[in-house]
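Please read the structure below before turning to the comments.
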Amino acid sequence: MGMVKSTNEGNITGFILLGFSDYPQLQMALFVVILILYLLTILGNITIILISHLEPKLNTPMYFFLSHLSFLDLCFTSSVIPQLLVNLQDPMKTITYGGCVVQLYVSHALGSTECVLLAVMSYDRYVAICRPLHYALLMHPHLCMALTSLAWLSGVATTLVQSTLTLQLPLCGHHQVDHFICEVPVLIKLACVDTTFNEAELFVASILFLVVPISFILVSYGYITKAVLKIKSATGRKKVFGTCSSHVTVVIMFYGTIMFMYLQSAKSTYKDQGKFVSLFYTVVTPMLNPLIYTLRNKEVKEALRKVLGKILVIKFT
């Protein structure tokens, strides 16, 4: 496989995303599976966004945050999967330098935003369960908007720092990216200079956007668990469990895979495992999120049936 040419040592015109080139027998199967999952992701997340806005009963902070999560997943997958699908069919597997830069900034911003947003959603669950009488007062619309804005702005801030520092590294003609996406860890591996500072900065950012949010989530659910154990009614405990289990499942899937990628050294040799782990959080998790929240949440299922019923009535009248 040839190298993408550059006009000179410092003017890169593009990269080769090797992706799953080591598994040529899997590429057609991967193309079909990823395309189906992508279409399901679009359908599922658009459905969540629509019913959150169309059904009055879902005009609550929980579904406000959920609609933002669905929008994040839509944008995140759309920044990665179309290029992946093209490269699975293209023998050259190229991406322009500008395309790689855009993918790096956008996907990193959205991923970081989701880290913070999931922590915000755990705080919402904590207030709803541990301080139910003060829920409406504490989780007022202005606070919800402020927390969501904080998540988005923190994602933008970290990508402006991390992605910019990564793109400053000299590559010395190294254009083959042993991955299917332009990510910070894999681009650091291409550098031909000492990357200790970049790796340290990546580690600090990982602590801030992975360890701190997951610690906050664990503390929140620690208090929630204590509150649930005090509920004498089995029905009440089951209802609380049903409300929180969806969020916990999403947190485990998302943070588990992200932490595998970002808390290991940029020089880690687990390249194949990293590709499939990245495939999980870029393709599978965004597709599963709407299913998890729909199948395990009675309110969403009822709202979905109600909205579909209205659509069918309008269509056949």
Correct closest heavy-atom pair for N289 and M253 would be OD1-CE, 4.0 Å

NE2 (H68) and CD1 (I49) are apart, to the nearest 0.5 Å, by 9.5 Å

Distance col, row L84:CG vs Q89:CD, nearest 0.5 angstrom, shows 10.5 Å

- If you count the non-hydrogen atoms of other residues, nucleotides and ligands that lie under 6.0 Å from NE2 in H140, is the total more than 12? yes

Distance col, row K93:NZ vs F20:CZ, nearest 0.5 angstrom, shows 10.0 Å

Of all heavy-atom pairs linking S163 and L104, the shortest is OG-CG, 3.6 Å

query = Are any non-hydrogen side-chain atoms of I214 and V251 less than 4.5 angstrom apart?
reply = yes

Discussion item. Between Y97 and L167, does the side chain to side chain contact (heavy atoms under 4.5 Å, CB included) criterion hold? Intermediate values first, please.
Written reply: CA-CA 10 Å; Y97 179 78; L167 292 172; 4.1 Å; yes

Applying disulfide bond (SG atoms under 2.5 Å apart) to C182 and not counting sequence neighbours gives C100

Spell out, yes or no, whether I36 and L88 are grouped together once hydrophobic residues are joined by side-chain heavy atoms under 4.5 Å, including indirect joins.
yes

*Do Q168 and N198 come within less than 4.5 Å of each other through their side chains, counting heavy atoms only?*
no

Taking every heavy atom of C144 against every heavy atom of F64, the minimum-distance pair comes out as O-CE2, 3.7 Å

Practice task
Check the pair H53, S67 against side chain to side chain contact (heavy atoms under 4.5 Å, CB included), reporting the backbone distance first and the verdict last.
Solution key: CA-CA 8 Å; H53 287 82; S67 64; 4.0 Å; yes

inquiry  = If you apply the rule side chain to side chain contact (heavy atoms under 4.5 Å, CB included), what do you find for V219 with Y223, and how did you get there?
reply    = CA-CA 6 Å; V219 170; Y223 283 108; 3.6 Å; yes

(message) Is any side-chain heavy atom of H247 closer than 4.5 Å to one of F65?
(response) no

- Task: Would you confirm whether T164, through its side chain, and V161, through its main-chain N or O, come within 3.5 Å as a donor-acceptor pair?
- Result: no

Mind checking whether Y23 and F276 have parallel, tilted or perpendicular rings, split at 30° and 60°?
-> perpendicular

Could you check if a side-chain atom of H179 sits within less than 4.5 angstrom of a side-chain atom of L187, using non-hydrogen atoms only?
no

Open item on the list: Using 30° and 60° as the class boundaries, would you call the ring planes of F76 and Y281 parallel, tilted or perpendicular?
Closed with: parallel

- Item | Common cluster, L291/M62, ILVMFWY with side-chain heavy-atom separation under 4.5 Å | yes

- Minimum side-chain heavy-atom gap L160-Y105 below 4.5 Å: yes

Q) Is there side-chain contact between V106 and C75, with heavy atoms separated by less than 4.5 Å? A) no

Test side-chain contact (heavy atoms from CB on, under 4.5 Å), reference V283, set T41, L37, L288, output is L37

Look at the rings of F15 and H175 and say which category their plane angle falls in: under 30° parallel, 30 to 60° tilted, over 60° perpendicular.
perpendicular

What one should report as the nearest heavy-atom pair of V177 and I181 is CG1-O, 4.2 Å

query = Could you go step by step and tell me if Q103 and S107 meet the side chain to side chain donor-acceptor pair (under 3.5 Å) rule?
reply = CA-CA 6 Å; Q103 188 179 77; S107 63; 5.9 Å; no

*Validation row: E183, H108 side chains within 4.5 angstrom (heavy atoms)*: no

Rounded to the nearest 0.5 Å, the CD1 atom of I95 sits from the CD atom of Q83 at a distance of 4.0 Å

Value for CG (L153) from OG1 (T148), rounded to nearest 0.5 Å, stands at 10.5 Å

**Message:** Counting only heavy atoms not in F71 (residues, nucleotides, ligands), do more than 12 fall under 6.0 Å from its CZ?
**Reply:** no

For F254 and C115 the tightest heavy-atom approach is CE2-SG, 3.6 Å

Closest non-hydrogen contact found for I207 with P213 is O-CD, 4.3 Å

Can you check side chain to side chain contact (heavy atoms under 4.5 Å, CB included) on I42 and Y38, steps first, answer last? CA-CA 6 Å; I42 294 173; Y38 182 46; 3.7 Å; yes

Open item on the list: Is there a continuous path of hydrophobic side-chain contacts, each under 4.5 Å between heavy atoms, that joins F209 to L218?
Closed with: no

- Query: Taking a hydrophobic cluster as the set of Ile, Leu, Val, Met, Phe, Trp and Tyr residues connected by side-chain heavy atoms closer than 4.5 Å, whether directly or through intermediates, do L150 and M145 fall within one such cluster?
  - Reply: no

- prompt: Same cluster or not: are V284 and L43 linked, directly or through other Ile, Leu, Val, Met, Phe, Trp or Tyr residues, by side-chain heavy atoms under 4.5 angstrom apart?
  reply: no

Subject >> Student check: side-chain heavy atoms of F180 and L279 closer than 4.5 Å >> reply: yes

Here the gap from S112 atom OG to L117 atom CG, rounded to the nearest 0.5 Å, amounts to 12.5 Å

